[in-house]
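Take a look at the structure set out below.
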Amino acid sequence: MEVIKADITKLDVDAIVNAANKQLKGGGGVDGAIHRAGGAAIMEECRDIGGCETGEAVITTAGELPSKKVIHTVGPVWNGGGKKEEQLLASCYSNSLKTASENDLKTVAFPNISTGIYGFPKDKAADIAIDTVGRYLEAHQDIEKVAFVCFDDENKQLYEDRLT
Ligand code: ADP
């Protein structure tokens with residue numbers, strides 16, 4: 001596992017993960033950036049898929065992006081913690097990696113799911129992300145590298161504190 005500060009749309013990895021919404025209709029934040037940079041082909045496949053439940057993941061082409069595929073997962077909206085937000089966020093990470101495994105994708109980059117517009121506390125989200133990915137990698141040898149792509153300094157510091 002590694003931490004980097006970058007724009008996820010620029011990364012040449014097998015799969016980048018999108019923090020999508022249930023309608024898979026695009027939006028702000030990292031979702032908007034991925035659709036803008038990847039072009040219309042991603043949205044066409046999203047439309048055909050139709051939607052995605054919170055905590056689950058679907059896969060599409062990466063269009064014009066340098067990665068091979070985009071895995072779209074829907075993070076929970078933070079509602080105080082009593083709505084299974086923590087389990088659902090963990091499911092986003094594990095289901096995204098399961099989707100990568102099933103599609104023979106070995107290098108995966110995650111954004112800090114739910115910590116933008118969806119308001120999940122960043123420190124808790126970092127704990128869940130690292131714990132869930134760590135467990136998955138221990139149990140599955142096929143994934144070679146996972147990058148946590150931090151867009152802001154606060155998230156980068158939280159991940160570095162936990163991983164180094
Ligand atoms: P959510 O709705 O799941 O909270 P957001 O897109 O609002 O999704 O935020 C998720 C995280 O993605 C935030 O930490 C935000 O800073 C980050 N982010 C926004 N744009 C990019 C980008 N181009 N590359 C990587 N991370 C990004």
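Ligands are counted one by one from 1 in listed order, and the atoms in each one are counted from 1 as well.
- Looking at heavy atoms from C-beta onward, Asn18 lies in side-chain contact with His35 at the 4.5 angstrom threshold.
- Checking only distances, Phe151 never comes within under 3.5 Å of ligand 1, N or O to N or O.
- Placement of Leu65 and Val108 in two distinct hydrophobic clusters is found when ILVMFWY residues are connected by side-chain heavy-atom separations under 4.5 Å, directly or transitively.
- Closest heavy-atom approach to atom 19 (C) of ligand 1 within the set Asn18, Val149, Asn155, Val30: this belongs to Val30.
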Checklist line | Thr60 and His72: CA distance, side-chain angles, deciding distance, side chain to side chain contact (heavy atoms under 4.5 Å, CB included) verdict | finding: CA-CA 8 Å; Thr60 68; His72 306 261; 2.9 Å; yes
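- Looking only at protein heavy atoms, the nearest one to atom 7 (O) of ligand 1 is Ile117 N, 2.8 Å.
- Taken together through direct or relayed side-chain contacts under 4.5 Å among Ile, Leu, Val, Met, Phe, Trp and Tyr, Phe151 and Ile113 form parts of separate hydrophobic clusters.
- Electrostatic pairing of Asp14 and Lys106 does not count as a salt bridge here, judged by no charged N lying under 4.0 Å from a carboxylate O.
- By the 3.5 Å distance cut-off applied to N or O atoms, Thr9 is not counted among the residues near ligand 1.
- Under a 4.0 Å heavy-atom criterion, Ser114 is in contact with ligand 1.
- Taking atom 24 (N) of ligand 1 as the reference point, the nearest protein heavy-atom neighbour is Ile8 N, 3.0 Å.
- Of the heavy atoms in Asp152, only side-chain atoms (C-beta onward) come closer than 4.0 Å to ligand 1.
- Connection of Leu158 to Val149 is not established within any shared hydrophobic cluster, with ILVMFWY side chains joined at heavy-atom distances below 4.5 Å, either directly or through further cluster members.
- Atoms of ligand 1 lying under 4.0 Å from at least one heavy atom of Ala19, given by number and element, are 3 (O), 8 (O).
- When hydrogens are left out, the protein atom nearest atom 10 (C) of ligand 1 is Asn112 O, 3.4 Å; that is the closest non-hydrogen contact.
- Atoms of ligand 1 found under 4.0 Å from any heavy atom of Ala33 (numbered from 1 in listed order, with element): 23 (N).
- Considering backbone and side-chain N/O atoms, Gly28 never comes within less than 3.5 Å of an N/O atom of ligand 1.
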Note to self: Using side chain to side chain contact (heavy atoms under 4.5 Å, CB included), reason through Asn21 and Tyr118 one step at a time and then give a plain yes or no.
What the structure shows: CA-CA 10 Å; Asn21 53 51; Tyr118 282 4; 3.4 Å; yes
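- Close approach of ligand 1 to Asp7 is summarised as follows: ligand atoms under 4.0 Å from at least one heavy atom of the residue are 22 (C), 23 (N), 24 (N).
- Tyr136 is connected to Val3 through a chain of hydrophobic side-chain contacts under 4.5 Å among Ile, Leu, Val, Met, Phe, Trp and Tyr, so both are in one cluster.
- Between Val146 and the options Leu97, Ile130, Thr107, a side-chain contact (heavy atoms from CB on, under 4.5 Å) holds for only Leu97.
- Remark: minimum distance from atom 13 (C) of ligand 1 to any protein heavy atom is reached at Thr115 OG1, 3.7 Å.
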